[in-house]
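Working notes for the structure below.
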Amino acid sequence: MNTSLLIVSLICLMALAACRGPASVGVDQSSLQPISYQEPVTPATPAAETRPPAEQFVVGQLTDINMGAKTFVLKDTKGNAHSFAFSETTKLTGGGGVRDLRGQEGKNATIRYVESDNRKSAVQIHIEVGS
């Protein structure tokens, strides 16, 4: 019985020695490297400048069409004047092509446009038939 008590005591002592930490077990501290924390990577959000501007609409009467400068003014239903630029890619419906914009002054129109850098560029000009 004394032998078994001695064996159990030795096992308990060895277990206690192991629980005291790495210094008592003899672990080589130089091989351990600290764990570094990395911030999670989040995808970049596109800047507002890279997003295409939203299209807007305005209804009114065409005035001051300048074919040389490729600009026109539209007076909306409240009497506010809006200046627009147009190009060869601007669609003109209800009155021919963009080259036929001349002679459309005084006609009612709906303008679909985008605004960038405080400049309004017409995407589509729809001339109301019979206006």
Output, in order, the C-alpha distance, side-chain angles, deciding distance and verdict of side chain to side chain contact (heavy atoms under 4.5 Å, CB included) for E88 and K70. CA-CA 9 Å; E88 295 299 321; K70 294 189 177 186; 3.2 Å; yes

Does K120 have any salt bridge (Lys or Arg N to Asp or Glu O under 4.0 Å) partners at least two apart in sequence or in another chain, and if so, which? none

Taking side chain as C-beta onward, heavy atoms only, is N80 less than 4.5 Å from K75? no

Minimum-distance pair of heavy atoms, taken over all atoms of A122 and T90: O-OG1, 3.0 Å

Quick one: CD1 on I125 to CZ on F86, what's the gap to the nearest 0.5 Å? 6.5 Å

Donor-acceptor under 3.5 Å (S121 side chain, A85 main chain): no

Taking a hydrophobic cluster as the set of Ile, Leu, Val, Met, Phe, Trp and Tyr residues connected by side-chain heavy atoms closer than 4.5 Å, whether directly or through intermediates, do V58 and L92 fall within one such cluster? yes

Could you tell me whether the side chain of T93 reaches within less than 4.5 Å of the side chain of Q124, counting heavy atoms only? yes

Can you sort out the partners of T89 under side-chain hydrogen bond (donor to acceptor under 3.5 Å, both in side chains), two or more places apart, ordered by chain and number? S87

Is V114 reachable from F84 through a run of I, L, V, M, F, W or Y residues, each pair having side-chain heavy atoms under 4.5 Å apart? no

Taking the side chain as every heavy atom from C-beta outward, state whether M67 and L101 have any atom pair closer than 4.5 Å. yes

Nearest 0.5 Å please: distance from the CD atom of Q104 over to the CD1 atom of I65. 6.5 Å

What side-chain hydrogen bond (donor to acceptor under 3.5 Å, both in side chains) pairs are there with at least one residue in residues 54-69, not counting sequence neighbours? E55-R112, Q56-Y113

Which residue in the set L74, V59, I127 passes side chain to side chain contact (heavy atoms under 4.5 Å, CB included) when paired with T110? V59

